[in-house]
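The block underneath contains the structure these notes are about, expressed in structure tokens.
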Number of protein chains: 2
Amino acid sequence: MTAAIREADAGEGLTERQGAVLEQALRLLVDGGEKALTTAGIARAANCSKESLYKWFGDRDGLISAMIGFQASKVRTQDVAARALDAESLRGNLVTFAKDLLEVLAGDVSLALNRLAIGQASRDGSKLGHMLQERGRRQIGRRAAALLEAGRKAGLLSFDDADEAYGALYGLVVSDWHLKMLLGEEAGEMKKGFSRKAEQAVSAFLSLYGTKR
Amino acid sequence: MTAAIREADAGEGLTERQGAVLEQALRLLVDGGEKALTTAGIARAANCSKESLYKWFGDRDGLISAMIGFQASKVRTQDVAARALDAESLRGNLVTFAKDLLEVLAGDVSLALNRLAIGQASRDGSKLGHMLQERGRRQIGRRAAALLEAGRKAGLLSFDDADEAYGALYGLVVSDWHLKMLLGEEAGEMKKGFSRKAEQAVSAFLSLYGTKR
DNA sequence: TGCGAACCGTACCGTACGGTACTGATCGGG
DNA sequence: CCCGATCAGTACCGTACGGTACGGTTCGCA
């Protein structure tokens with residue numbers, strides 16, 4: 001048995017030491033943007049050597065990929081599979097989902113990683129973009145899909161294409177807020193309006209796809 | 001009278017030579033991303049000297065700002081103030097607007113500039129972000145606002161908050177397509193679905209805010 | 001106690017970028 | 001015909017980054 005297997009891991013087949021290093025790297029990225037994410041800076045912040053960074057992650061891109069995977073592994077979305085779905089609880093679940101979605105998108109780590117992936121979309125063949133899409137959005141998308149499907153099963157929602165319905169829900173909730181935050185709009189001021197925004201969006205969504213009169 | 005006034009300009013108080021340089025710079029940015037946007041590269045592509053670049057635009061940031069302003073000045077949105085607005089023409093105008101919006105957002109220059117501004121959002125205090133927001137989105141937003149207001153005046157639409165209604169329209173039309181394209185999803189394949197997407201979004205919007213039974 | 005692996009800290013190398021300085025050519029006005 | 005301004009082309013400088021190499025130290029293990 002290899003020694004590595006016996007060590008505590010951080011959810012991605014990497015040791016906790018490596019996880020701590022990625023944590024510091026994420027902090028650097030959040031605080032200073034991509035420009036601050038230098039190998040020397042990470043090594044200094046994490047009290048490790050550049051040589052170890054290259055041994056563990058290969059090169060800078062591998063390190064960034066590891067950062068995305070590490071962050072995604074921390075934000076496991078627990079879907080509350082609430083049975084006995086009635087109109088009230090469906091609305092409540094949808095509002096909760098909408099708020100969670102806005103909170104996640106407005107999180108500084110999420111914003112920083114999205115900025116990083118978008119900035120490199122031109123040069124790396126959108127490798128990071130696909131990774132973010134797959135490991136971040138896919139998760140929350142599945143949660144929404146399950147919720148919508150449950151609503152349809154309970155006769156509370158009516159739609160043919162689940163993706164189309166989810167797209168409408170996403171658009172009504174997020175609108176152009178995500179882009180505005182990515183462009184640097186202060187996220188702190190906006191968070192206060194999240195609840196109202198989420199409820200409005202869910203109301204609109206239900207009047208589009210709900211069966212209730 | 002100054003000599004500069006007598007020269008042909010490119011819409012931003014700069015000479016046509018400078019406009020040609022900015023054109024080449026935009027082309028470099030579109031083709032190779034931010035990494036390809038070097039002063040030496042621009043000078044080579046535009047057959048000018050780096051010294052001229054710095055004389056005209058101050059520094060790299062000034063040049064990027066000029067690029068944004070230059071591009072915005074080219075994409076003037078003509079609002080077809082169609083009088084005699086009935087339900088059919090309102091829908092038609094909304095669909096046209098939705099298609100135009102998707103086309104603009106999917107344009108490679110737009111995507112490249114947005115990627116650039118998002119990538120620098122952390123370091124420059126979102127100066128570029130505000131500029132893009134102000135000179136790009138504000139324009140198309142006003143066109144939509146005028147259309148919505150005309151619809152309300154004609155008794156075809158019903159809403160209290162015009163911004164909220166516009167937000168819903170924007171979200172229904174764009175959903176998360178913009179982000180996916182910014183992250184590198186191939187835009188070519190998506191463009192085929194724009195018409196259908198636009199019509200679906202407008203139908204949903206009308207069933208939310210329309211007065212028609 | 002001695003061995004070897006892992007690792008920190010740092011020095012180092014090649015490269016590429018932003019920005020400046022200089023030279024020579026072109027061109028319009030007196 | 002000459003003067004001054006503008007500009008292309010290039011050489012140059014300081015800096016900072018990605019990636020590598022090396023000496024010294026700790027720690028698990030026999």
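Below, chain A is the first sequence line, B the second, and so on; all start at residue 1. Bear in mind that the values here come from a model prediction, so they are computed numbers and not experimental data.
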(request) Please tell me if the side chains of B:Val30 and B:Leu111 come closer than 4.5 Å, counting only heavy atoms from C-beta onward. (result) no
(request) For A:Val173 and A:Phe205, run side chain to side chain contact (heavy atoms under 4.5 Å, CB included): C-alpha distance rounded to whole Å, both residues' side-chain angles, the deciding distance at 0.1 Å, then the answer. (result) CA-CA 9 Å; A:Val173 171; A:Phe205 175 77; over 6 Å; no
(message) I need the OH-C1' distance between B:Tyr54 and D:dG9, as an integer number of Å.
(response) 16 Å
(request) Using the test salt bridge (charged side-chain N to carboxylate O under 4.0 Å, His left out), find all partners of A:Glu51 that sit at least two apart in sequence or belong to another chain. (result) none
(request) Quick one: list whatever passes side chain to side chain donor-acceptor pair (under 3.5 Å) with A:Thr96, sequence neighbours left out. (result) none
(message) Please report the distance, rounded to the nearest Å, between CZ in A:Arg17 and P in D:dG28.
(response) 15 Å
(message) Need to verify one output field. Residue with the more 5' nearest nucleotide on DNA chain D, B:Lys55 or A:Lys50?
(response) B:Lys55
(request) Would you mind telling me which residue lines up with the more 5' stretch of DNA chain D, A:Glu51 or A:Leu37, judged by nearest nucleotide? (result) A:Leu37
(message) Can you confirm if the aromatic rings of A:Trp177 and B:Tyr170 lie within a centre distance of less than 6.0 Å?
(response) no
(request) Using atom CG of B:Leu53 as one end and atom P of D:dC7 as the other, report the distance to the nearest whole Å. (result) 11 Å
(message) Whole angstroms only, please: what is the CZ-C1' distance between A:Arg60 and D:dT20?
(response) 17 Å
(message) Taking the basic N atoms (NZ, or NE/NH1/NH2) and the acidic carboxylate oxygens, is any pair closer than 4.0 Å for A:Lys74 and A:Glu23?
(response) yes
(message) At a heavy-atom distance below 4.0 Å, which nucleotide of DNA chain C is the first touched by chain B, and which is the last?
(response) C:dC17 to C:dC22
